[in-house]
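I have placed the structure first, in the form of structure tokens, so that the comments after it can refer back to it.
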Amino acid sequence: MSDRELTATRLLSSSAEHSYDPEVEIDWDAPLSPDHYFVPPHRCSLYGTPLWERLTESQRITLTRHEAASTAGRGVWFETILMQLLIRDYYRQNPTTAHAQYALTEVADECRHSVMFGRMIDKLDCPVYHVGAFDDALGRWLAATASGPRMFAAILIAEEVLDALQREASADESVQPLIRMVSRIHVVEEARHVRYARAELARQVRAASRRRLAFDRLVIARAAYLTGTGLVHPDVYRSVGITPAQGRQAARANPHHRETLRWAGQRVVAYLEDLDLIGGPGMALWRRSGLL
Ligand SMILES: [Fe+2]
Ligand SMILES: [Fe+2]
């Protein structure tokens, strides 16, 4: 059996043992707790800033509620693109292989996740924070065309950054039980997706030409920029009476927030560096992403 089939076979058996139906596992009717955060407070984009100091405790909780909804909205957007990529990739494959079957199994996971995130945004009583027009177009272009190293690297960046944040939130007792449960389910299932994408990315890099890799490095840098700068939609600050421009500026200058991005990005950055996928003209985007 090839390495590729071996990885997929293991992932299929792990999927059979550890998959969760959020409709059943989560008590969606349980009321939210009035004194729990929705994101660990030290991960809130304004934590420690003068703006944060001026907020009341209940406003701080409100802001984390909107930041959690913003991340979930970004998650649904990303997963919808990912599902299209996986289906497109599957179309060309032999359906009797474990590798192809795992791609579909991952689509099934992402279907449940996006339903779960949608329900969560609704339960949090927050708006759906959408990406801007440029990223919307970029997302549709990637969904329709991405393949090879840039496809799997973009997937990994989004999955691993979110994974670091959710792993921590799932274990934090100051966080709402609902958010902890959503995070726990997502972390368990995403661990498989990360293994699949990492193995596939390494294979695709070995198979790619130098020219191909030079272009892909640039697309990967844009994906990193999008992930690093897009988790918190600037409109979230309106929920506590701060203008989007003022909130975004304070977050960008906030050493705590910068450290959060760097910390959340470090694992995937190290992996992409090992594969020589960070560099070239995309470096300015990487630096602005905050993930380096
Ligand atoms: Fe997911
Ligand atoms: Fe995933």
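As the structure lists them, so they are numbered: ligands from 1, and atoms in each ligand from 1.
- The closest approach of Glu159 to the Fe ion (ligand 2), by N/O/S atoms, is made by OE2.
- Because the distance cut-off is set at 2.8 Å, His186 qualifies as a neighbour of the Fe ion (ligand 1) through one of its N, O or S atoms.
- Under the 4.5 Å side-chain contact rule for hydrophobic residues, Leu55 and Tyr237 share a cluster.
- Ionic pairing of Asp3 and Arg203 is not present here: no N-O contact between side-chain nitrogen and carboxylate oxygen is shorter than 4.0 angstrom.
- Taking the N/O/S atoms of His193 in turn, the shortest distance to the Fe ion (ligand 2) belongs to ND1.
- For Arg43 and Trp263, the positive end sits near the middle of the six-membered ring, less than 6.0 Å away and at most 45° from its axis.
- Among the backbone and side-chain atoms of Glu110, an N, O or S atom lies under 2.8 Å from the Fe ion (ligand 1).
- Using a 30° and 60° split on the angle between ring planes, Trp52 and Tyr37 fall in the parallel class, below 30°.
- Inclusion of Glu79 in the first shell of the Fe ion (ligand 1) is supported: an N, O or S atom falls under 2.8 Å.
- In summary, Glu106 places no N/O/S atom under 2.8 Å from the Fe ion (ligand 2), failing the contact criterion.
- In this structure, Tyr196 has its ring center closer than 6.0 angstrom to the ring center of His99.
- Among the atoms of His113, no N, O or S atom is found under 2.8 Å from the Fe ion (ligand 2).
- Using a distance-only test at 3.5 Å, with no hydrogens or angles considered, no donor-acceptor pair links the side chain of Glu25 to the main chain of Tyr20.
- Within the coordination shell of the Fe ion (ligand 1), defined by N, O or S atoms under 2.8 Å, Glu190 is present.
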